[in-house]
2 protein chains.
Amino acid sequence: MLDREYDNQVCSIARSLEVVGERWSLLIIRNVGLGMNRFEPLRENLGITRSVLTTRLGTLIEYGILEKRQYSEKPPRFEYHLTAKGRDLSPVLLQLMWWGDEYYPEPGGPPTIAVHRTCGGDLDHHMVCRKCGESVEPDRVYMKPGPGRNKQDLPKIPA
Amino acid sequence: MLDREYDNQVCSIARSLEVVGERWSLLIIRNVGLGMNRFEPLRENLGITRSVLTTRLGTLIEYGILEKRQYSEKPPRFEYHLTAKGRDLSPVLLQLMWWGDEYYPEPGGPPTIAVHRTCGGDLDHHMVCRKCGESVEPDRVYMKPGPGRNKQDLPKIPA
DNA sequence: AGGGTCAGTCGCATGAACGAACTGACCGGG
DNA sequence: CCCGGTCAGTTCGTTCATGCGACTGACCCT
């Protein structure tokens, strides 16, 4: 990057990390983005304590990254969904994903691939679609399982 | 991103976060990338404990993100530098920066701007150079202070 | 000899996370 | 009607990571 002088903590990265830098936050955001919207599945998948999940969901809601929706009245049950602000974190998650794939690859290939929603091509690490060449905006991306994914879980994605 | 089913923790993001997800790690990487290569300046800038900085530097070295170089023999003194693996985290840092600028802007504008080293143009959030249109690789990027930067600190960068 | 810097280590107090149990509102079956 | 089960939490005790401050040791300068 640079090899020059440097100054103060007026830093956008530090501000971002205050919001999403806590343990579990980015993984929660990722899972919610993939459609895992309820408490118990999140808890089980992440292997996280209920209390920690409760507080993380709470702070992410405070920050406007998630919103809580009630989907059942009689037993009060809730779902968590990404806001636009939360969805805009997908480039961060994608870059983390690509870095991980580069330096800690799964033997069988990447477990997850980013796909351009409108044309179905997959993305390179500049978020340019390899098929149509378009520079893809965060909300036009979805994820699909790649070759490194576990055995029998191949949820067919409606292309 | 997606609103579909989801599976297991075979996740590149989780793997990445195990390496760089600890408190302070990304900020240390950012500062080292900006040329802050020594212990005491890092400590002072981050407002971090010496012991925590020591252990963070240690694990980042273990992970191959930083390397330690001795620059003085007689009083043994060291510098920390990014490896290629560490430099490849810059897209992650850039995306975090842009997200922070978007949702937590500095009143005077962004404090830091990403610049294409070879032509001097600045980058959009696809890492495409606004001047020459090239899709810029991580190691061709440097940072320069933007309008939101603190008063008197304007290190002139050799373009 | 005395003060200052740099790069740490050590010890103690506080705070966050983990594990496991408990709650409370429901549902479905026998 | 009682029993077991799910879902979304809360509470509690223990461990682990951080923060704060002091101390060390090797120098350097005056």
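These numbers were taken from a predicted model, which means no experiment stands behind them. Protein chains get the first letters and strands the later ones, always in sequence-line order, with residue 1 at the start of each.
One can place CD1 of A:Ile48 at 16 Å from C1' of C:dA20, the figure rounded to the nearest angstrom. If you take CD1 of A:Ile28 and P of C:dA17, they are 10 Å apart, rounded to a whole angstrom. Rounded to whole Å, atom C1' of D:dC16 lies 12 Å from atom CZ of B:Arg56. The distance from atom CZ of A:Arg43 to atom C1' of D:dA8 is 11 Å, rounded to the nearest whole Å. Whole-Å rounding puts the B:Leu17 CG to C:dA17 P distance at 14 Å. Rounded to whole Å, the distance from CD on B:Glu18 to P on D:dA17 is 14 Å. In this structure, B:Leu53 places its CG atom 14 Å from P of D:dC20, rounding to the nearest Å. For the pair A:Ile61 CD1 and D:dA8 C1', the interatomic distance rounds to 13 Å; values are reported in whole Å.
When each of A:Thr55 and A:Glu73 is assigned the nucleotide of DNA chain C bearing its nearest heavy atom, the one mapping closer to the 5' terminus is A:Thr55.
Salt-bridge check for B:Asp139 with B:Arg87: failed, with every basic side-chain N at 4.0 Å or more from each acidic carboxylate O. With respect to the salt-bridge test (charged N to carboxylate O, under 4.0 angstrom), the residues B:Asp101 and A:Arg15 qualify. The residues A:Glu44 and A:Arg50 are annotated as not salt-bridged, no charged nitrogen and carboxylate oxygen being separated by less than 4.0 angstrom. Between A:Glu40 and A:Arg43 there is a salt bridge, since a side-chain N of the basic residue sits under 4.0 Å from a carboxylate O of the acidic one. Between B:Glu79 and B:Arg38, at least one side-chain N (NZ, or NE/NH1/NH2) sits under 4.0 Å from a carboxylate O, which counts as a salt bridge.
For the residue pair A:His81 and A:Thr83, no side-chain donor N or O sits within less than 3.5 Å of a side-chain acceptor on the partner. Judged by distance alone, the side chains of B:Tyr103 and A:Asp88 do bring a donor and an acceptor atom under 3.5 Å apart.
With C:dC18, D:dG19, D:dC27 as the choices, the nucleotide that has an atom nearest any side-chain atom of A:Val52 turns out to be C:dC18.
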Practice task
Please step through side-chain contact (heavy atoms from CB on, under 4.5 Å) for the pair A:Thr55 and A:Trp24, ending with a clear verdict.
Solution key: CA-CA 11 Å; A:Thr55 62; A:Trp24 301 115; over 6 Å; no
Under-3.5 Å N/O pairs linking protein and nucleotides 1-3 of chain C:
none

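Contact check, B:Trp24 against D:dG19: a side-chain N or O comes under 4.0 Å of OP1 or OP2.
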Practice task
Go along nucleotides 5-14 of chain C 5' to 3' and tag each nucleotide: B for a protein heavy atom under 4.0 Å from its base, S when only backbone or sugar atoms are that close, - otherwise.
Solution key: -BSBBB----
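Remark: A:Ser12 OG to B:Leu96 CG distance equals 10.0 Å, nearest 0.5 Å.
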